[in-house]
Amino acid sequence: MSGLRQHNVTAAQWSANGGALGPTDLTIPSNNVFGELVFSVDVQRQLLPKDVFKKLQTTLADGKPLDPALAGSVAQAMKEWALEHGATHYSHWFQPLTGSTAEKHDSFYSPTGSGGAIADFSGKELIRGEPDASSFPNGGLRATFEARGYTAWDPTSPAFITPNPNGATLTIPTAFVSWTGEALDHKIPLLRSMDALSKAAIHAVKLFGDTESKRVFTTVGAEQEYFLIDEQYYFERPDLLATERTLFGAKPPKGQELDDHYFGAIPERVQAYMFEAERELQRLGVPVKTRHNEVAPNQFEIAPLFENSNLGCDHQQIIMQVLKNTARKYGLVALLHEKPFAGVNGSGKHNNWSMGTDTGVNLMDPGDTPSENLQFLFFCTAVLKAVKKHQGLLRASVATAGQDHRLGANEAPPAIISIFLGAELSAAFEAIESGVPVDAGEAGFLGLGTEVLPKLPLHGGDRNRTSPFAFTGNRFEFRAPGSNMTVGFVNCVLNTIAAESLEEMATELEAKLEGGAAFEEAVTEVIKAHYVADKDIVFDGDGYSDAWQDEAASRGLLNLRTTPDALPELISEQTIETFDKYGVLTEPEVEARFEVFTEQYVVKLNIEAETAALIARTQILPAGLKYLALLDEVPGEGAKALKEEAEALVNDLVVKIKALEVANTSHPKTDDLIVAAKYLRDDVLGAYAEVREIADKLEAIVPDDYWPLPRYSEMLFIK
Ligand code: ADP
Ligand code: MG
């Protein structure tokens with residue numbers, strides 16, 4: 001057997017080290033591990049002095065600032081609990097604008113002054129940390145305001161233990177802020193947007209007669225897609241190591257054409273991995289629920305139950321971390337990149353989003369009574385209006401280098417933002433617009449001023465996978481976010497723009513009511529006016545079709561194909577105005593995000609291009625040359641023909657590599673980040689694509705054991 005084939009046989013081996021988990025008898029209460037590593041409300045109830053616990057809970061429920069006097073007691077209890085769980089360190093855990101998480105660890109031990117040390121953790125240490133933050137991207141914020149940033153305890157997201165084979169760390173979710181109060185992270189704007197949405201939504205539900213609800217919570221359930229490949233291949237590929245995507249690789253004879261992977265039987269090794277990853281997540285209180293194979297070979301999905309947005313977004317980060325960590329125990333690597341392999345589907349993260357009152361009403365659920373239905377349609381219209389107005393911002397909120405391979409590539413929603421309502425909901429809106437009942441049998445269900453609505457609720461089964469923003473029965477599903485993204489910013493945008501349109505519509509309705517209008521008529525009028533004004537954003541057809549591109553253009557919808565096209569939407573006048581008006585982001589904070597995201601794009605593409613040049617010159621070109629040398633030794637016409645073929649490719653490759661190297665060192669000198677980004681997108685990526693095209697052709701003719709990189713056919717199919 002050739003060395004290469006032996007390689008694959010080795011890669012296919014795995015041992016069920018996680019097999020030690022064995023089956024669990026969940027009828028025995030102590031076997032239920034859910035939340036055992038979390039300083040949860042239940043744990044707090046047990047460990048905190050009664051009055052402290054009570055005060056803390058009321059503060060949290062009302063969304064009020066925390067009384068610093070409470071922090072000391074909480075820190076004390078948290079430390080005791082953490083020590084019992086084997087923690088020796090604590091860490092403030094936060095989400096800088098890079099999109100990943102950051103942490104700084106401190107030991108609990110403080111010297112006593114007499115040569116010893118005691119475990120110590122004060123309220124002050126709980127509340128505030130001072131990471132040396134100067135190296136985090138901040139889009140000039142700290143330069144403008146203050147040199148340093150600090151982390152601040154977020155008591156609404158419970159602390160947890162991060163286990164490690166050699167110890168454990170008490171991990172405290174925190175916000176990351178400059179000394180002058182500018183948000184340097186994704187958590188603060190998210191929290192602010194939840195407040196803004198709550199205010200606007202409470203205003204609206206009050207008009208509908210809800211006098212009990214005090215707060216409206218937004219919710220998120222994010223379905224995470226990912227690839228698993230054997231770690232051996234990962235470490236053999238410098239492109240995967242540096243960029244998490246394959247920069248080279250010929251299309252394998254078998255890809256996803258047979259449609260035999262989606263929802264197929266999960267391979268044993270992968271399932272063993274999933275059991276362990278999910279168990280870890282459950283211990284951390286992450287409510288993971290669903291797992292299945294995805295469309296591409298070796299692609300999978302994990303979905304949690306939805307939670308309030310802040311917790312859901314923190315848990316999303318934990319999911320990504322645990323997926324990565326656990327994979328290594330099974331000899332696998334989890335790839336979260338949006339497009340690790342050309343030619344098969346990439347990975348997204350469907351962001352299911354809704355909002356509900358603290359009295360338990362899901363405002364995106366049609367409900368059982370006429371007035372609930374009308375309220376639901378009011379909220380739905382607000383979403384429609386928000387998405388129409390801020391389609392550019394929404395597109396920008398999911399714009400990253402990885403995403404440019406996915407959006408608009410017939411595998412993920414197009415770059416055009418539109419809303420899918422489904423037949424039933426569309427019919428309801430059309431009825432409101434025309435005043436004509438849809439269905440004689442069910443019509444009159446409302447029996448109100450309108451008498452036109454069909455009986456809701458609607459069926460989530462009415463699906464359209466090609467829509468970026470779909471109503472799915474009791475929530476909206478924003479399908480455009482990428483698998484590698486933090487969903488904090490996306491949800492911040494959704495909440496803010498919904499707050500704005502809700503507030504506008506509620507104010508209009510209020511004015512009508514004060515003017516003496518009848519309730520149902522007034523609501524119907526408001527819904528109708530906004531539906532008619534903004535219904536161009538509704539599209540229930542095939543989002544992948546060319547016809548939609550034309551249709552969308554004629555409707556005047558934006559089609560921002562790439563990241564440099566989309567990101568300027570972040571700093572458009574209306575974006576800045578909306579964020580500012582609802583107290584979510586100040587203008588400098590918005591600009592900082594624009595700068596950081598654009599810079600990330602530039603840096604990521606630059607890393608890809610330099611990695612590609614290096615691989616092409618030092619691995620692929622030598623393989624081609626070796627093949628030429630081999631052919632030199634072989635006499636005969638056949639060899640001659642082969643040599644001509646190979647020589648042409650190799651010569652071409654040399655030229656293209658040189659061109660890429662030149663592109664890599666000729667970045668324009670400019671302060672305009674978008675100009676820099678467009679240079680990378682057009683010139684650099686263009687030069688890289690030409691190198692890849694030839695390299696992939698060479699892969700198909702160079703002798704197998706000369707080829708330096710694991711192939712798609714190996715990485716994608718050996719499990
Ligand atoms: P599908 O793949 O058909 O979209 P899944 O079961 O994989 O369905 O995922 C559905 C996701 O939607 C889950 O994460 C679920 O928790 C989430 N979800 C359900 N209801 C809500 C809601 N009210 N708010 C936010 N997310 C929700
Ligand atoms: Mg799903």
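For the numbers below, each heavy atom of this structure counts, side chains included, while hydrogens, waters and symmetry mates do not. We count ligands from 1, going down the list as the structure has it; atoms in each ligand are counted the same way. For reference, positions follow the sequence shown, starting with 1.
- The aromatic rings of Phe471 and Phe376 sit tilted, their planes meeting at an angle between 30° and 60°.
- In this structure, a donor-acceptor pair under 3.5 Å is present between the side chains of Glu500 and His390.
- Qualifying ring-ring contact (aromatic ring centres under 6.0 Å, His included) partners for Phe579, counting only residues two or more places apart in sequence or in other chains: none.
- Which parts of ligand 1 touch Leu305 is read off a 4.0 Å heavy-atom cut-off, strictly below it: atoms 16 (O).
- The option with the heavy atom closest to atom 10 (C) of ligand 1, from among His350, Arg475, Met364, Glu477, is Arg475.
- Partners of Trp153 according to the ring-ring contact (aromatic ring centres under 6.0 Å, His included) rule, which considers only residues two or more places apart in sequence or in another chain, do not exist here.
- Near Glu301, meaning under 4.0 Å from any of its heavy atoms, are these atoms of ligand 1: 7 (O).
- The closest non-hydrogen atom to atom 26 (N) of ligand 1, taken over Phe476, Trp353, Phe306, comes from Phe306.
- Close approach to Arg465 involves these atoms of ligand 1, each under 4.0 Å from a residue heavy atom: 3 (O).
- Ion pair Arg465/Asp542 not flagged as a salt bridge, since none of the NZ, NE, NH1 or NH2 atoms sits closer than 4.0 Å to an Asp/Glu carboxylate oxygen.
- Under a 4.0 Å N-O distance rule, the pair Arg406/Glu338 does not qualify as a salt bridge.
- Distances from atom 23 (N) of ligand 1 to the heavy atoms of Thr290, Thr472, Val288, Asn362 put Asn362 nearest.
- The heavy atom nearest to atom 14 (O) of ligand 1, considering only Ser354, Gly356, Ala470, Pro304, is found in Pro304.
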